There are 4 protein chains.
Amino acid sequence: MNKNDLSIFEEIESSVRSYVRGFPTVFTKAKGYQMWDEAGKEYIDFFSGAGALNYGHNDPKMKQKLIEYLMSDGVTHSLDMATSAKRDFLKKFNDVILKPRNLNYKVMFPGPTGTNTVESALKLARKVTGRTDVISFTNGFHGMTIGSLSVTGNASKRAGAGIPLNHTVTMPYDNFVNDEMDTLDYLERFLEDNGSGVDTPAAMILETVQGEGGINAARFDWIKRVDEICKKYSILLIIDDVQAGVGRTGPFFSFEPAGIEPDIICLSKSIGGYGMPLALTLFKPELDIWNPGEHNGTFRGNNPAFITATESLSYWEDKSFEESINAKSEKITKFLQSIVDKYPELEGNVRGRGFMQGIECGVDGLASKVAEESFNRGLIMETSGVNDQVFKLFPPLIIDDAGLEKGFKIIEESVKSLISAEELVAN
Amino acid sequence: MNKNDLSIFEEIESSVRSYVRGFPTVFTKAKGYQMWDEAGKEYIDFFSGAGALNYGHNDPKMKQKLIEYLMSDGVTHSLDMATSAKRDFLKKFNDVILKPRNLNYKVMFPGPTGTNTVESALKLARKVTGRTDVISFTNGFHGMTIGSLSVTGNASKRAGAGIPLNHTVTMPYDNFVNDEMDTLDYLERFLEDNGSGVDTPAAMILETVQGEGGINAARFDWIKRVDEICKKYSILLIIDDVQAGVGRTGPFFSFEPAGIEPDIICLSKSIGGYGMPLALTLFKPELDIWNPGEHNGTFRGNNPAFITATESLSYWEDKSFEESINAKSEKITKFLQSIVDKYPELEGNVRGRGFMQGIECGVDGLASKVAEESFNRGLIMETSGVNDQVFKLFPPLIIDDAGLEKGFKIIEESVKSLISAEELVAN
Amino acid sequence: MNKNDLSIFEEIESSVRSYVRGFPTVFTKAKGYQMWDEAGKEYIDFFSGAGALNYGHNDPKMKQKLIEYLMSDGVTHSLDMATSAKRDFLKKFNDVILKPRNLNYKVMFPGPTGTNTVESALKLARKVTGRTDVISFTNGFHGMTIGSLSVTGNASKRAGAGIPLNHTVTMPYDNFVNDEMDTLDYLERFLEDNGSGVDTPAAMILETVQGEGGINAARFDWIKRVDEICKKYSILLIIDDVQAGVGRTGPFFSFEPAGIEPDIICLSKSIGGYGMPLALTLFKPELDIWNPGEHNGTFRGNNPAFITATESLSYWEDKSFEESINAKSEKITKFLQSIVDKYPELEGNVRGRGFMQGIECGVDGLASKVAEESFNRGLIMETSGVNDQVFKLFPPLIIDDAGLEKGFKIIEESVKSLISAEELVAN
Amino acid sequence: MNKNDLSIFEEIESSVRSYVRGFPTVFTKAKGYQMWDEAGKEYIDFFSGAGALNYGHNDPKMKQKLIEYLMSDGVTHSLDMATSAKRDFLKKFNDVILKPRNLNYKVMFPGPTGTNTVESALKLARKVTGRTDVISFTNGFHGMTIGSLSVTGNASKRAGAGIPLNHTVTMPYDNFVNDEMDTLDYLERFLEDNGSGVDTPAAMILETVQGEGGINAARFDWIKRVDEICKKYSILLIIDDVQAGVGRTGPFFSFEPAGIEPDIICLSKSIGGYGMPLALTLFKPELDIWNPGEHNGTFRGNNPAFITATESLSYWEDKSFEESINAKSEKITKFLQSIVDKYPELEGNVRGRGFMQGIECGVDGLASKVAEESFNRGLIMETSGVNDQVFKLFPPLIIDDAGLEKGFKIIEESVKSLISAEELVAN
C-alpha cells in the first residue's frame with residue numbers, strides 16, 4: 001500500500017464523509033499544534049478538531065495520566081455508576097470552575113456529544129416549563145439529531161431531517177437584519193403582544209459566538225438583554241457553549257463578560273481535554289426535576305475522558321491561561337485586520353472574538369480557495385457560514401507565537417497567490 | 001475522605017443519575033468479568049455496561065494496542081479526516097465481518113452513541129424514500145434524542161420529550177397481543193388497505209431481541225416475514241443492533257439466523273471493543289445518497305476506539321468465538337429454566353436468547369429485589385421492562401464457566417433468601 | 001344556451017368538482033325522492049345529498065315555515081346572538097330528542113358543516129383531558145380540514161393535506177383484520193402496556209356505520225365495548241353521527257341500540273332538515289369548559305336552517321317514523337341480498353345497516369359501472385370505499401314503497417345489462 | 001314565557017356562546033341596518049353579522065328571488081352537482097366581478113364557511129409547491145379549524161387547539177414593531193439567508209385589513225411589496241378577503257388599490273349576499289391541480305345562497321356602489337377623528353379603512369364599556385383586538401346618512417357618559 005492511500009475510504013465509507021475531502025491525506029501523528037501525515041509531511045493545525053482540541057493534540061500531562069489509568073485497569077466504561085475517575089472530575093470541576101465564579105449548577109452527563117447535551121437541555125426546559133416551543137436564532141448551529149436540528153438554522157442541514165422541524169421559532173441574531181435595527185426590539189414585540197402568533201417559549205437557546213454559522217459574535221450588551229428578556233417572561237436561557245466555551249473566546253465560559261448566569265449550559269468538544277468524547281449539561285439546582293434515568297445514554301460514563309478532563313482543568317487554576325489566550329487573540333485580530341487592509345481584493349471583513357475569528361470574503365468561493373491553498377502549503381483551516389464565505393482561524397489555545405506566525409505566513413501567502421492568479425485571469 | 005464516599009455525586013450530580021442508585025459504591029478497577037470497588041470488594045459483572053462490554057473489561061490485547069497508540073502520539077481526535085487508525089479499522093471490518101458474510105454495505109460514522117446512529121438511519125431512510133413516517137414496534141428502545149425517542153415505546157421515556165412525538169406508527173412486536181395472533185397479519189392489513197390511516201412508511205425499525213423492553217425475542221420466522229413485507233411495499237428495514245449485535249446473541253449480527261440483509265444496520269455499544277464511544281451506521285450502497293457533511297458529529301473520529309475496535313475484530317476471525325457464546329448461552333438457559341422450575345413462587349418465565357436472557361417475574365417488584373439482593377452478594381445485574389419485571393443476565397461474552405457459575409450461585413441464593421423472607425411475611 | 005349546458009362549470013369551476021362528473025346534467029327542481037333536470041328528465045334520488053336530505057327534497061311543511069319566516073323579515077344571520085328561531089329550535093330539540101331519551105347534553109353550534117363539528121369535538125376533548133392524541137379507526141371519514149383529516153383514514157384524502165397529519169393513532173375498526181380477530185383485544189393491549197408507544201389518548205372518534213369508508217357497520221357489542229374501554233382508561237368517546245345520525249340507520253342517534261351515552265356527539269347533514277347548512281356538537285355538561293368565543297364561526301347562527309330543523313323534529317314526536325324506517329330498511333336488505341344471490345358474477349356482499357346499505361363488488365370497477373348505468377336509467381346513486389368498491393343505497397327516509405321499487409328496478413336492470421355485456425366481452 | 005327570555009340558552013347552550021352575552025336580548029326581525037328584539041325595541045346595526053351582512057338584513061330584491069326559488073321547488077342542496085342556480089351564479093360572478101377587472105381565476109366551492117376556504121387555500125398552496133410551511137402575520141385571524149388556527153395569531157384562540165400548531169412562521173404585519181421599521185426588510189432577510197432557520201414557505205397568507213386583530217390596515221405599498229417578495233421567491237400569495245372583501249373597504253376585492261393579483265383569494269361572509277353560508281376559493285388556473293373530490297364538503301352546494309349571491313352582484317354592475325361606500329367611509333373617518341379629538345380621555349387612535357374602522361382606546365377596558373353603553377342605547381357594535389382595545393364600526397354598506405348619524409350619536413353619547421362617570425370616580 002502506498003503512503004497516504006485513501007482508497008478504502010472511497011470504497012466503503014459513506015459519501016457523507018467531508019473533512020477528508022478538504023484535507024485529503026492520511027494523518028498518523030499529532031502533537032500540540034502540529035500534525036503529520038503518513039509521508040511525514042508536517043501541518044500547522046488552525047482547526048483544532050472543530051474546537052474539540054483547545055489544549056492541542058496529545059497534551060503530555062493528560063497523556064501521562066491517561067496511560068497510568070489504563071495501565072492500572074481503571075474502569076473504562078461505567079454508564080452512571082460511580083467511579084473514582086468520575087468523582088475526581090466532579091470535585092475538580094466544582095473547585096476550579098464553579099466555585100471561583102460563584103456558580104451553583106447541577107452537573108448532568110448526557111451521551112458524550114454536543115448534540116446530546118443540547119437534546120437534554122431542550123427536554124429539561126420543556127419539562128420544567130410545561131411549554132413546547134423554543135426560540136433559537138438565525139444561523140445558530142446546535143447539532144444534527146432531530147431535537148437539535150430543529151433549533152439549527154442552516155437550510156441544507158435542516159432539509160436532511162426528512163420531516164418538518166417544529167416546536168421552534170427562529171429570531172434574528174445580533175446584527176442579522178442590518179446594523180441599525182436592534183433585533184431584540186423585534187423579538188420583544190413578539191413576546192409582549194398576545195396576538196403575535198408566537199407563544200411564550202420554554203427557552204431560548206443561544207451561542208455567544210456562532211462558529212458554524214459564519215463566525216458571528218453577539219455583543220455582550222445584546223446577550224445581557226436577551227437574559228433580561230428571558231427573566232421578564234419566565235423563559236429559560238440555554239447557552240450552548242459547546243464550541244465557544246472552555247476558553248475558546250478567552251474565559252472558561254464564553255458568556256462571563258456579559259455578566260449573566262444562564263439557566264442551562266451545554267458543554268462538550270474541549271471539555272474532555274484530550275479530544276475524547278464527553279459532554280456536560282449544567283443547570284440551576286431548582287431545575288433539577290429529572291426522574292432517575294429519564295434521559296440517559298450508554299457512553300455517559302467515559303472514564304478515560306474523565307481522567308484527561310480532570311487534568312485539563314489545571315489550566316484554569318489561575319488567571320494566566322485566560323490572559324495568554326487574550327494576548328494571542330489580539331495578535332490574531334491584528335493579523336486579520338492587516339490582511340483585510342492589504343488585500344482589498346478579498347472584500348474582507350474580520351469577524352468573531354478570541355480564538356474564533358475569521359475573514360468573511362465578499363468574493364464568492366474565495367474563502368474556500370484560501371483554505372485549500374493553505375492546506376497545500378501545510379496549514380489545516382476550515383471555512384464557515386452557509387455559503388462557506390468565511391475562512392476561520394481556530395488554532396489550539398496553547399499555540400505559541402512561533403506557531404501563530406507560521407500559520408499567519410501561510411495564510412498570507414495563500415491569499416497573495418490567489419489574488420495574483422485572479423488578476424492573471426482577469427487580465 | 002472515606003472509601004466509597006458518594007457525597008459529591010449527591011451534592012452536584014443531577015438527579016437523573018440512575019445506576020449509582022442501584023449499585024451504590026465507587027468502582028476503581030475492572031478486569032474481564034470482574035469489578036472492584038474502592039474498598040477492594042469484588043463483583044461479578046452480569047451487566048457488561050448495558051451491552052457495551054461484550055469482551056469484558058480492559059481486554060489485555062486491546063489495552064496493549066491502545067497504550068502503544070497513545071505512547072506514539074497517534075492522532076486522538078480527527079472528525080472524518082483520514083487517519084491510519086481509521087483506515088485499519090475499515091479494512092479489518094470489511095475483511096473480517098462484511099466479506100465473509102457476503103455483505104455489501106457502506107459504513108458511516110455518526111456521533112459515537114447508539115442514539116446518534118439511530119438518528120442517522122432515520123434521516124437517511126426518510127431522505128431516500130421521500131416519506132416521513134416510520135413504523136416502530138411495541139416496547140422497542142432506540143434512544144433518547146427526539147428522533148430516536150419517537151420510535152421508542154416506553155411511556156415515561158416518551159413523556160420526557162416535552163413535545164408530542166410524531167411521524168411514527170407503533171405496530172405490535174412478535175407475541176405482543178397474545179400467543180395465537182400473528183401480529184404481522186395485523187400489520188399487513190394496515191399497509192394493504194388505503195383507507196387504514198397508516199401511510200406507507202419510509203422504514204420499519206426493529207430490534208431482534210428487545211433488551212430494554214423486557215427481553216422479548218422475536219422468532220426468526222417473524223423477522224423474516226417483516227423483511228418480506230418491507231420488500232413488498234418498498235419500505236426500508238432498519239435493524240437496530242446496538243445492543244443485540246456484536247455477538248450478544250451469538251452471531252456477529254443478531255439477524256444472521258433469519259437469513260435477511262437489512263437495508264440499514266445500527267451498531268454501537270460493543271463495536272468499540274473496549275467500552276469507548278463509537279457508532280456505525282451501515283447501509284446498502286444504493287442508499288448512499290448523503291451529501292458530504294449532511295449528517296455529522298464532532299466525535300465521529302474517536303481514534304482510540306478505532307484502535308480497540310480493530311483489535312476486537314480478531315475475535316471474529318474464525319467460528320470459535322461464536323461457538324463458545326452459543327455453548328455458554330445454553331448453560332444460561334438451562335440455569336434460568338431450573339430456577340423457574342425450582343422456585344414457582346417467582347411466577348417466573350424465561351425470556352430472550354443468547355447472552356440476552358432473563359426471568360420475567362409475575363410477582364410485582366420481585367425482579368428488582370433479586371437484582372438488589374444479588375448486588376449485596378457481589379453480583380452486578382440489572383432489570384428490564386417497563387415495570388422492571390425482568391431480571392436480566394448480561395455477562396460479558398468472554399466469561400468462563402467458573403465466572404458463570406459464581407454468578408448463577410449468587411442469583412439462586414438471592415432468590416432463595418427472598419422467597420423465604422416472603423414466606424415469613426406471608427405467615 | 002342549450003338545456004343542461006355544462007360549459008361554464010368546465011370553464012371556470014375548479015377541477016376539484018366531482019359529483020357533476022358522475023351526474024352530468026343540470027338539475028333545476030326537486031321534490032321528495034325525485035329530481036328533475038333542465039330538460040325535464042326525472043330522477044329517483046338514492047343519494048340524498050350524501051345524507052343531508054334524510055327528509056327528502058323541499059319537504060312541504062318545512063318549506064311553508066321557511067317562507068313564512070323569510071316573508072316576515074325574521075333574522076337571517078345572527079352568529080350566536082339569541083333569536084326566536086334559535087330559541088324555538090333549542091326548546092324542541094330538548095323536548096323531542098334529548099328528554100325522551102333521558103339524555104343530558106349541552107348544545108354547541110360550530111360553523112355549519114360536518115368538519116366544523118368534528119374540529120370542535122377534537123379541540124374540546126384535548127382541552128378537557130390535557131392530552132394531545134386521538135384514536136380514530138381504519139376507514140373512518142370525518143372531514144377535510146386539517147384536524148378532521150388527521151382522523152380520516154383515506155390515503156388520497158390525507159395526501160391532500162400537504163403536511164404530515166399528527167397527534168392521532170389509527171386502530172382497527174370492527175372486522176378490519178379478519179372475521180376471527182376481535183380488534184378490540186388488540187386496541188386494549190396497546191392501552192394497557194406502558195411500553196406500547198401509544199400514549200393514552202384524549203378521545204376515540206367513531207362512526208357506528210362508516211358511510212364513506214365502504215359501508216362498514218360495527219356490531220353493537222363492539223361499540224359497547226369501545227365505550228367500556230374508554231371509560232376504563234378515562235378516554236372520551238366521540239360519536240361522529242354526521243352521516244349515520246338523524247334516523248339514517250333507524251333511531252335518531254345511530255348508537256341508541258348499543259345502549260351507550262357518548263361524551264361528545266357530532267351532528268350535521270340532515271339536522272337542518274331541508275338541506276341547509278347546520279351543525280351541532282353535543283357534550284356532557286361536565287365537559288362544557290369552553291371560554292366564551294373560544295371556538296366560533298360566522299355562520300353558526302343560520303336561522304333559516306333553525307326554522308326548518310325545528311319543523312323536521314316533528315317527525316320524531318312519536319315512534320312511527322323510526323318504525324317506518326326500520327320496515328323499509330328490511331326491504332332494502334332483502335332486495336340487496338336477492339341481487340347478490342341472483343347475480344353471483346357481482347361477487348357481491350351486502351353491507352351496512354338501515355338506510356345505509358350497499359353491495360361490495362369483488363370485481364374491480366364494477367360498482368362504479370352499476371352507478372353509472374343506473375344514472376343513465378334515471379337513478380342517482382353513488383359509490384363508497386377507498387376503491388369505490390361499493391354501490392351505496394342512500395334513499396331519503398321518507399321514500400314510499402313505490403319509490404323504492406322504482407329504484408330497485410333500475411339497479412337490477414343496470415346490473416343485468418352489465419353482466420350481459422361482460423359475458424359478451426368474456427366470450 | 002316572558003319576552004326576551006334567555007333561559008333556554010343558559011340552560012342548554014354551551015358556555016362557548018359569546019355575542020348573546022354582550023347583546024343579551026332575543027332578536028326577531030331585521031331589515032336593512034335595523035334589528036328589533038322581541039319586545040319591539042329597535043337597534044341600529046353597526047356590526048353587520050361580523051361582516052357577513054354587507055348588504056344589510058333581508059335585502060328586498062334578494063328576498064324576492066329567494067322566495068321565488070323556494071316556491072318553485074328549486075334544488076336546495078346539491079353538493080357539487082350542477083344546478084341552474086349555481087350556473088347562474090358562476091356566470092354572473094364571471095361577468096360582473098372577474099372579467100371587468102381582467103382577472104382570470106378558477107372558482108372552488110369549499111364548505112360554506114370562512115375557515116373552510118382558508119383550509120382549502122392552504123392545502124392547495126402546499127400541494128402545488130410541495131412545501132409545508134406557510135408564513136402568516138402577527139394578529140392575523142383566519143379561522144378556528146386546525147389548519148386555519150395555525151395561521152391565526154391570537155394566543156388564547158391558539159391555546160384552544162389543544163395541540164401545538166406547526167408548519168407556520170409568523171412575520172410582523174405592517175407597523176407591528178414600531179413606526180420606523182419596515183417589517184418587510186426583516187421578513188426578506190429571513191428568506192434570503194439560507195441559515196435563517198426559516199425554510200422557503202409554500203405561501204404567505206394575509207388580510208389587507210385585520211378585522212379581528214385590532215383593525216390594522218396595511219398600507220398598499222406594503223401589500224405591493226409583499227406581493228413582489230412572494231414573486232421573487234416563488235411563494236404563493238393568499239389574500240384572505242373573507243372579512244375585508246365584498247366591498248367592506250370600498251372595492252369588491254380589498255387588494256385592488258394595491259395593484260396586485262393574488263395567487264389565491266378566500267371569500268366568504270358577505271359573498272352570499274343575504275347572510276346565508278357560502279364560501280369561495282379563487283385561484284390562478286395554473287394552480288388548479290386538484291383531483292376530483294380531493295377537497296370537499298357536504299354543504300358546498302347551498303343553492304339558496306347561490307340565488308341571493310347572484311342577485312347581490314347587481315350592486316357591482318357599475319361604479320356607483322363603490323363610490324357610495326367611499327363617500328360614507330370618509331364620514332366615518334371624520335366622525336371618529338372628531339371623537340378622538342374631543343375626548344382626549346379616551347386616549348383614542350383612529351384605525352382602519354373604509355367600513356372597517358374603529359377607535360383604539362389607550363384606557364384598559366374602555367372600548368368594551370363604549371360598546372356596552374351603546375348597546376343599552378340601541379346600537380349593536382363589537383370590539384376587536386387581543387385585549388378588546390378597539391371599538392369597531394361595521395355598519396352595513398347600504399346604510400344611509402340618517403342611519404350613520406343615528407349610530408354616531410349613540411356612540412358619542414356613550415363616550416360622554418363614560419367619561420363623566422370616570423371623572424366622578426376619579427374625583
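To find a chain, count down the sequence lines: A is the first, B the second, and so on, and within it residues start at 1. Computed from a prediction, not measured in an experiment: that's the story for all the values here.
Looking at A:L70, both its backbone and its side chain come within 4.5 Å of chain B, counting heavy atoms on both sides. Contacts of A:P277 with chain B are made by both backbone and side-chain atoms, with heavy-atom separations under 4.5 Å. Using a 4.5 Å cut-off between heavy atoms, A:H295 touches chain B through backbone and side chain atoms alike. B:I12 touches chain A through backbone and side chain together, each having a heavy atom under 4.5 Å away. When heavy atoms are compared at a cutoff of 4.5 Å, A:N291 approaches chain B solely by way of its backbone atoms N, CA, C and O. When heavy atoms are compared at a cutoff of 4.5 Å, B:L278 approaches chain A solely by way of its backbone atoms N, CA, C and O. Looking at B:P110, neither its backbone nor its side chain comes within 4.5 Å of chain A, counting heavy atoms on both sides. With a 4.5 angstrom heavy-atom cutoff, B:R21 touches chain A only via side-chain atoms. Neither the backbone nor the side chain of A:Q243 comes within contact range of chain B; no heavy atoms are under 4.5 Å apart. B:L122 does not touch chain A: none of its heavy atoms, backbone or side chain, sits under 4.5 Å away. Using a 4.5 Å cut-off between heavy atoms, B:M35 touches chain A through its side chain atoms alone. In this structure, the portions of B:A50 lying under 4.5 Å from any heavy atom of chain A include both its backbone and its side chain. Neither the backbone nor the side chain of B:F93 comes within contact range of chain A, judged by heavy atoms closer than 4.5 Å. Contact annotation for B:R300: only side-chain heavy atoms (C-beta onward) come within less than 4.5 Å of a heavy atom of chain A. Using a 4.5 Å cut-off between heavy atoms, B:L6 touches chain A through its side chain atoms alone. Within the 4.5 angstrom heavy-atom criterion, no atom of A:L282 approaches chain B. Looking at B:Y274, both its backbone and its side chain come within 4.5 Å of chain A, counting heavy atoms on both sides. Both the backbone and the side chain of B:K269 have a heavy atom closer than 4.5 Å to some heavy atom of chain A.
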Checklist entry - Where do B:S14 and A:F109 land on the side chain to side chain contact (heavy atoms under 4.5 Å, CB included) test, with the steps shown first? => result CA-CA 8 Å; B:S14 163; A:F109 297 94; over 6 Å; no
Next on the checklist: Before you tell me yes or no, could you show the steps for A:K86 and B:F9 under side chain to side chain contact (heavy atoms under 4.5 Å, CB included), namely the whole-Å CA-CA distance, both residues' side-chain angles and the distance that decides it to 0.1 Å?
Outcome noted: CA-CA 9 Å; A:K86 182 175 174 178; B:F9 300 99; 3.8 Å; yes
Checklist entry - When you look at B:N116 and A:M144, which way does the side chain to side chain contact (heavy atoms under 4.5 Å, CB included) test go after all the steps? => result CA-CA 9 Å; B:N116 293 46; A:M144 297 297 274; over 6 Å; no
Item to check | Residues B:S84, A:F27; criterion side chain to side chain contact (heavy atoms under 4.5 Å, CB included); working and verdict | outcome: CA-CA 6 Å; B:S84 46; A:F27 294 98; over 6 Å; no
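The line from CG of B:D88 to CD1 of A:I8 is 10.0 Å long, rounded to the nearest 0.5 Å. Atoms OH and CG, from B:Y19 and A:L79 in turn, are 5.5 Å apart once rounded to the nearest 0.5 Å. A distance of 4.5 Å separates CD1 of A:I163 from NE2 of B:H167, quoted to the nearest 0.5 Å. To the nearest 0.5 Å, the span separating CG on A:L149 from NZ on B:K123 amounts to 5.0 Å. In this structure, A:E68 CD and B:I67 CD1 are separated by 11.0 Å, a value rounded to the nearest 0.5 Å. The line from CG of A:D73 to OG1 of B:T28 is 10.5 Å long, rounded to the nearest 0.5 Å.
Between the A:E119 side chain and the B:I146 main chain, a donor and an acceptor come within less than 3.5 Å of each other. With hydrogens and angles disregarded, a donor-acceptor distance shorter than 3.5 Å links the side chain of B:K63 to the backbone of A:M71. A side-chain donor-acceptor contact under 3.5 Å links A:D80 to the backbone of B:S18. A donor-acceptor pair under 3.5 Å links the side-chain atoms of A:K106 to the main chain of B:E11, judged by distance alone. A distance-only check finds a donor-acceptor pair linking the side chain of A:S15 to the backbone of B:W290 [under 3.5 Å].
No other option in B:G301, B:G74, B:G111, B:A305 has as many heavy-atom pairs under 4.5 Å with chain A as B:G74. Listed options A:L66, A:D37, A:V26 were ranked by heavy-atom pairs under 4.5 angstrom with chain B; first place goes to A:V26. Ranked by heavy-atom pairs under 4.5 Å with chain A, the first of B:G293, B:S120, B:G297 is B:G293. Your options are B:R131, B:K127, B:K157, and the one with the most heavy-atom pairs under 4.5 Å with chain A is B:K157. Heavy-atom pairs under 4.5 Å with chain B peak, among A:Y69, A:W36, A:F47, at A:F47. Each of A:V20, A:D288, A:L53, A:T113 has some count of heavy-atom pairs under 4.5 Å with chain B, and the biggest count is that of A:D288. Taking chain B as the reference chain and counting heavy-atom pairs below 4.5 Å, the highest number among A:N166, A:V16, A:T83 is found for A:V16. Ranked by heavy-atom pairs shorter than 4.5 Å toward chain A, the options B:T132, B:I380, B:V128 are led by B:T132. Highest contact tally toward chain B, considering only A:G143, A:S78, A:A161, A:S148, is held by A:A161 [criterion: heavy-atom pairs under 4.5 Å]. Counting heavy-atom pairs closer than 4.5 Å to chain B, the top-ranked of the candidates A:T145, A:V242, A:T129 is A:T145.
Across B:S72 and A:K29, no two heavy atoms sit closer than the pair O-CG, 3.7 Å. Heavy-atom minimum distance, B:A82 versus A:T25: CB-O, 3.4 Å. The two residues B:T298 and A:G49 make their nearest non-hydrogen contact at CG2-O, 4.0 Å. The shortest non-hydrogen separation linking B:N296 to A:F141 is OD1-CZ, 4.1 Å. A:R17 and B:P292 get closest at one heavy-atom pair: O-CB, 3.7 Å. Minimum heavy-atom separation, A:E294 to B:G160: OE2-CA, 3.7 Å.
Environment of NZ in B:K65: sparse, with no more than 12 heavy atoms of neighbouring residues, nucleotides or ligands closer than 6.0 Å.
Applying the side-chain contact (heavy atoms from CB on, under 4.5 Å) test to B:R158 and every residue at least two apart in sequence or in another chain returns B:L165, C:D199. In this structure, the side-chain contact (heavy atoms from CB on, under 4.5 Å) partners of A:P201, at least two apart in sequence or on a different chain, are A:D133, A:I135, A:L191, A:I235.
In this structure, B:E38 and A:R87 have side chains that are in contact, with non-hydrogen atoms separated by less than 4.5 Å.
A donor atom on one side chain and an acceptor atom on the other are found under 3.5 Å apart for B:T76 and A:N58.
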